[in-house]
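What follows is a single structure, written as structure tokens, with notes after it.
The figures here come from the full heavy-atom set of this structure, side chains too, leaving out hydrogens, waters and symmetry mates. Keep in mind that what you see is a predicted model, and the values were worked out from it rather than measured. Both counts, for ligands and for their atoms, begin at 1 and track the order of listing.
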Amino acid sequence: MSWKDLVRRVDPYVPGEQPTEQHIIKLNTNENPYPPAPGVQEILRDMDAGQLRLYPDPAAGLLTEKLAAEYRVKKEQVFVGVGSDDVLAMSFLTFFNGSAPLLFPDVSYSFYEVWAECFRIPYRKIPLTEDWRIDPKDYETENGGIVFPNPNAPTGIALPIGDIRKILDANRDVVVIVDEAYVDFGAESALPLLAEYDNLLIVQTFSKSRSMAGIRIGFAIGNEELIRCLSDVRYSFNSYTMNRPSILAGTAALEDRTYFEKTVGKIINTRDSVRDELEEMGFVCLDSSTNFLFVTHPDIPAAELFRILRGKGIYVRYFALPRIDNYLRITIGTAKQMQVLLDTLRLILREKS
Ligand code: PMP
């Protein structure tokens, strides 16, 4: 017997590379290419560092109340965490404590499987349809909970709210988590369903549409009792998850709706025009309601294209996983960055033919 027999062994989630070189065109982790709202910069600049000697508000009241006002719910329906990864991890720990399997799509956010393994939650992956969609009928089977991103990642495809309703109707007795990390880029949020389903938990993040991946803010909205259960687990883990700067910065971000809408609009426009150009080059692009495109090309394997682009200083994401190992996920950057990507792809394809 050694300590090694007592270790909780996990295959960790592997995030996209974070290169330190400045010249890299970084389209591999779905970050927003634009800075956060100007008010975020101001509040961080003016922050009194002397305040850091004090613990932050354990309930992150300022941010929670601002979120409640923004999404027109009670503050008791809001939970905040250190990025939506933290919120999702806490939710897995809280809500998926049964013996029936947790269900999620086979092609989805690969962290779900890692948390399930880590927390010893039984799970079953439900295959997406041939055309990469979630079919609500596939979720009419015994389970201990359901989680899926909407829009899905890395496919980018959104599930209509009517289909979310079907999943909820067939699963009234388990918690259904809709991970809306990318919802602001063109999908319909499940928020209007909250009043009808007390088992629905919606998770969102400041990392994508609010350009704040570096500060780590995520949140969940759900029925008061769900949120209370989630908070009890969280307080049994770490009382002060949200630090003072992120509470202030998150609150400031929510104050500037105009900036938020402008930035999201720019990304949507860039996405749609990049998609047209990629299709002209022969790429097949899945329908994206996100800030990324999931693409494949008949003439060049994705793994090879990934390597060539990387060699030229353009980072995109490649997953060596079943069904998707001939696809690349390309985050939408600025129009200028995307022009460099498109020019580079044209050159690569020309050399190939
Ligand atoms: N959900 C999905 C579907 C994601 O792609 C990501 C980003 N990796 C997250 C959640 C977590 O994002 P964050 O922790 O930055 O909020």
Fellow cluster residues of I24, listed by chain then number, with links counted only when side-chain atoms sit under 4.5 Å apart: Y315
Partner residues of K74 under the salt bridge (charged side-chain N to carboxylate O under 4.0 Å, His left out) criterion, sequence neighbours left out: E224
N-O pairing of D163 and K166 below 4.0 Å: yes
Which atom pairs, nitrogen or oxygen on both sides, join ligand 1 and the protein at under 3.5 angstrom?
unit_1   : atom_1 : unit_2 : atom_2 : d
ligand 1 : 1 (N)  : D179   : OD1    : 3.3
ligand 1 : 1 (N)  : D179   : OD2    : 2.7
ligand 1 : 5 (O)  : Y182   : OH     : 2.7
ligand 1 : 8 (N)  : Y109   : OH     : 3.1
ligand 1 : 12 (O) : S84    : OG     : 3.3
ligand 1 : 14 (O) : S84    : N      : 3.2
ligand 1 : 14 (O) : D85    : N      : 3.0
ligand 1 : 14 (O) : D85    : OD2    : 3.4
ligand 1 : 14 (O) : R216   : NH2    : 2.7
ligand 1 : 15 (O) : S207   : OG     : 2.6
ligand 1 : 15 (O) : R216   : NH1    : 2.8
ligand 1 : 15 (O) : R216   : NH2    : 3.4
ligand 1 : 16 (O) : S84    : N      : 2.6
ligand 1 : 16 (O) : S84    : OG     : 2.7
ligand 1 : 16 (O) : T205   : OG1    : 2.5
ligand 1 : 16 (O) : S207   : OG     : 3.4

Salt-bridge criterion met for D272 and R275 (N-O under 4.0 Å): no
Set of ring pair (Phe, Tyr, Trp, His ring centres under 6.0 Å) partners for F148, sequence neighbours left out: none
Salt bridge flag under 4.0 Å for residues R216 and D86: no
